[in-house]
Structure formats: structure tokens, C-alpha cells
Amino acid sequence: MKSEPDVFSIDDLAKNKRKTDHWDGIRNYEARNFIRDEMLKCDLAFFHHSNCKDPGIVGIVEIVREAYPDITAFDPTHKYYDPKSDPKHPRWFMVDIRLTRKLKRKISLRELKKHKALRDMRLLKRGNRLSILPVTAKQWNYIIKLEDN
DNA sequence: GCCAACGTTGGC
DNA sequence: GCCAACGTTGGC
């Protein structure tokens with residue numbers, strides 16, 4: 001899960017009550033499908049800082065509530081307002097996440113790219129712009145081990 | 001249904 | 001700040 005640290009960083013999440021927040025503002029169908037269909041309660045995800053000086057994975061979060069309608073899409077005054085999302089048939093969804101822990105160190109995008117084992121990660125593919133991306137179990141375990149390098 | 005124009009993302 | 005990638009929009 002990607003977030004721009006200038007907008008919402010892992011430290012912002014850590015400061016939240018119960019270290020929990022909802023992940024709103026997803027307005028891309030493929031990312032929406034991941035949120036709606038793939039992210040289940042108790043699943044873990046990497047928290048990734050993007051669009052910053054040194055992008056990379058900075059922490060682990062847990063899905064604590066599965067997909068429910070993204071209410072910011074219904075609010076005309078909200079910057080994520082989407083008139084095409086009908087409350088009766090919501091187009092956009094969000095999940096709640098809770099910070100499990102920050103990584104001991106940031107595992108930068110630059111570092112991830114050096115590992116052949118991670119070659120197929122969506123995050124590392126050229127032109128990728130999705131803010132929610134799948135990680136395989138194999139990739140997950142591999143990355144977790146890098147933390148102690 | 002095609003596709004040019006346009007806006008956004010995000011690494012560098 | 002640049003610019004490639006790419007999703008969306010809208011005229012036809």
C-alpha cells in the first residue's frame with residue numbers, strides 16, 4: 001500500500017488512535033478490486049512511501065476491517081468526490097488498516113530492484129502507478145529477511 | 001468502438 | 001522539475 005509521506009506517512013499512522021485508519025481515496029478500478037476482493041481481515045500488507053526522495057517499504061500493517069463503501073465519494077465537498085458513485089451501488093471501497101510495526105530500517109525501492117527474486121513484483125514493474133499492489137507469499141518472506149541485512 | 005487529447009502518478 | 005507511462009474522457 002503506497003502513501004506519499006508528505007500527505008500521510010507511517011508516523012502519521014503511528015500517531016493515530018489505536019494506530020488505525022481507513023484507506024480512502026482509491027479511484028482506480030484495478031486497485032479497487034484488490035481492496036474489495038483480495039484484502040481480508042488479518043491479512044498483512046507492506047506500507048510503502050512513494051513520490052518522495054527515497055521511496056521504499058517502511059512498515060507492516062494489518063487489515064482490520066474488510067472492504068466497505070468509501071464515503072468520501074458521496075461528499076460533494078470532498079476532494080475525492082465522485083458523482084458516479086451511487087450510495088446504493090457504491091463504486092469505490094476502502095479498508096481499515098492498523099500499524100503492526102515499523103520496519104527496523106527502510107527497504108528502499110533502489111534496494112528491492114537489486115534482487116532477482118523480486119523481479120516479478122508489481123511494485124518494481126515499469127510504469128506502475130497503482131497505489132495498491134499484490135505481493136506473493138514468497139516475495140513477502142524474502143523481503144522480511146532483507147530487514148536484518 | 002476508436003483514438004487523440006488530457007490529467008495524474010511517481011521515479012529520477 | 002522533467003517526462004514516460006498509462007488511465008480516462010469525449011468527439012466522432
Side-chain angles (χ1 to χ4, degrees), chain A residues 1-16 19-39 43-63 66-136 138-147 149:
Chain A
M1 305 179 83
K2 295 197 276 191
S3 187
E4 300 186 18
D6 291 344
V7 179
F8 186 75
S9 74
I10 192 151
D11 290 322
D12 292 326
L13 179 61
K15 279 179 217 149
N16 270 8
K19 299 183 180 184
T20 300
D21 213 330
H22 50 271
W23 201 270
D24 62 14
I26 297 298
R27 298 291 181 270
N28 169 285
Y29 290 104
E30 194 180 3
R32 187 277 311 270
N33 293 348
F34 288 137
I35 281 219
R36 189 191 56 192
D37 308 331
E38 309 286 343
M39 303 181 99
D43 278 352
L44 299 179
F46 287 128
F47 192 104
H48 182 273
H49 279 168
S50 68
N51 200 15
C52 54
K53 203 169 175 192
D54 186 23
I57 297 170
V58 290
I60 295 172
V61 298
E62 180 184 340
I63 311 303
E66 288 176 19
Y68 59 105
D70 184 339
I71 50 166
T72 64
F74 309 140
D75 176 1
T77 67
H78 201 283
K79 76 171 165 155
Y80 293 137
Y81 176 58
D82 180 359
K84 285 177 281 189
S85 187
D86 173 0
K88 289 197 191 91
H89 299 280
R91 176 174 299 207
W92 307 115
F93 293 84
M94 55 188 177
V95 292
D96 287 354
I97 55 155
R98 182 174 61 216
L99 180 64
T100 300
R101 65 179 179 87
K102 283 175 76 167
L103 295 187
K104 290 174 232 168
R105 66 182 187 90
K106 169 162 59 185
I107 302 174
S108 71
L109 199 56
R110 192 164 37 85
E111 177 178 351
L112 291 170
K113 282 180 172 165
K114 289 180 190 157
H115 293 270
K116 278 203 181 123
L118 302 175
R119 198 167 24 187
D120 294 330
M121 268 191 96
R122 286 286 300 267
L123 179 68
L124 305 181
K125 296 271 170 166
R126 192 175 53 122
N128 156 63
R129 294 169 17 185
L130 281 192
S131 54
I132 306 281
L133 294 164
V135 181
T136 67
K138 217 174 187 176
Q139 291 159 352
W140 178 277
N141 293 329
Y142 189 91
I143 291 167
I144 290 291
K145 279 181 200 147
L146 294 180
E147 189 182 7
N149 283 0

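All values below were derived from every heavy atom in this structure, side-chain atoms included, with hydrogens, water molecules and symmetry-related copies excluded.
- To the nearest 0.5 angstrom, A:Glu38 atom CD is 12.5 Å from A:Leu133 atom CG.
- Inter-residue side-chain proximity for A:Ser131 and A:Ile26 is flagged as met; some heavy-atom pair is nearer than 4.5 Å.
- Salt-bridge annotation for A:Lys106 and A:Asp54: present, with a side-chain N of the basic residue lying under 4.0 Å from a carboxylate O of the acidic one.
- Other residues, nucleotides and ligands place no more than 12 heavy atoms under 6.0 Å from the NZ atom of A:Lys102.
- Looking at heavy atoms from C-beta onward, A:Lys79 lies out of side-chain contact with A:Thr72 at the 4.5 angstrom threshold.
- Projected onto DNA chain C by closest heavy-atom contact, A:Asn51 and A:Arg27 fall at different nucleotides, the more 5' of which corresponds to A:Asn51.
- Atoms CZ and CZ, from A:Phe47 and A:Arg101 in turn, are 15.0 Å apart once rounded to the nearest 0.5 Å.
- Only A:Arg126, A:Gly127, listed by number, bring a heavy atom of residues 110-127 of chain A to less than 4.0 angstrom from any atom of DNA chain C.
- First and last contacts of DNA chain C with chain A, using any nucleotide atom under 4.0 Å from a protein heavy atom and ordered 5' to 3', fall at C:dA5 to C:dT9.
- Atoms CD1 and NZ, on A:Ile107 and A:Lys145 in that order, are 12.5 Å from each other to the nearest 0.5 Å.
- Two residues are said to be in side-chain contact when any heavy atoms from C-beta on lie closer than 4.5 Å; A:Asn128 and A:Lys2 meet this criterion.
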